[in-house]
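Reviewing the structure listed below.
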Amino acid sequence: FLIAKSNQTKLRRNLHLGLLSLIFIGLIALVVIHQQMDTYIDTKAQEVVEWKEFYSRHKIYLMISTIHFFATLFYIPLMISSWRSSDSNA
């Protein structure tokens with residue numbers, strides 16, 4: 001379903017798997033970094049305790065989320081194209 005069918009070209013199949021891997025790894029990285037950023041926030045006082053550490057993690061978080069967004073953006077039309085190709089071959 002999410003993985004490319006065997007009747008697709010090797011390039012397209014590799015692109016599918018590469019983008020899916022990037023999306024999956026990016027999501028895991030975002031969860032881990034978010035947990036790290038939480039340790040630098042005092043929720044009761046509603047302030048950042050260690051601004052320098054928080055900012056460096058937040059900068060990485062934003063970079064990963066941007067890469068994650070574009071990987072997903074490229075994956076969607078690729079997947080729709082594969083579904084159309086699969087439907088026309090059926």
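In this structure, CD in E53 is found 9.0 Å from OG1 in T39, a value given to the nearest 0.5 Å. Between the NZ atom of K59 and the CG atom of L62 there is a distance of 10.0 Å, given to the nearest 0.5 Å. The NE2 atom of H68 lies 16.0 Å from the CE atom of M63; values are rounded to the nearest 0.5 Å.
Side-chain contact between H16 and Y75 is present, with heavy atoms from C-beta onward closer than 4.5 Å. In this structure, I41 and E47 have side chains that are not in contact, with every pair of non-hydrogen atoms separated by 4.5 Å or more.
Aromatic ring pairs are classed by plane angle as parallel below 30°, tilted from 30° to 60° and perpendicular above 60°; the pair F70 and F74 is tilted.
Closest of all the heavy-atom pairs between M37 and H58 is SD-CA, 3.5 Å. Nearest approach of G26 to I64, heavy atoms of both residues: O-CG2, 3.8 Å. Contact between S65 and L30 at its shortest, heavy atoms only, is N-CD2, 3.8 Å.
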Practice problem: Given side chain to side chain contact (heavy atoms under 4.5 Å, CB included), test V49 with Y40 step by step and report yes or no. | Solution: CA-CA 5 Å; V49 179; Y40 300 116; 5.5 Å; no
Practice problem: Show your working on side chain to side chain contact (heavy atoms under 4.5 Å, CB included) between L78 and R12 and close with a plain yes or no. | Solution: CA-CA 8 Å; L78 184 65; R12 179 174 249 168; 3.6 Å; yes
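Residues I76 and L73 fall within the same hydrophobic cluster, defined by Ile, Leu, Val, Met, Phe, Trp and Tyr side chains chained together at heavy-atom separations under 4.5 Å. Residue I60 is not grouped with residue I23 when hydrophobic side chains (ILVMFWY) are merged at heavy-atom distances under 4.5 angstrom, including chains of intermediate members.
Among the candidates L11, L19, L17, the single residue satisfying the side chain to side chain contact (heavy atoms under 4.5 Å, CB included) test with L15 is L19. Checked options I28, L27, L20; the residue passing with F24 is I28 (criterion: side chain to side chain contact (heavy atoms under 4.5 Å, CB included)).
Environment of CD in Q46: sparse, with no more than 12 heavy atoms of neighbouring residues, nucleotides or ligands closer than 6.0 Å.
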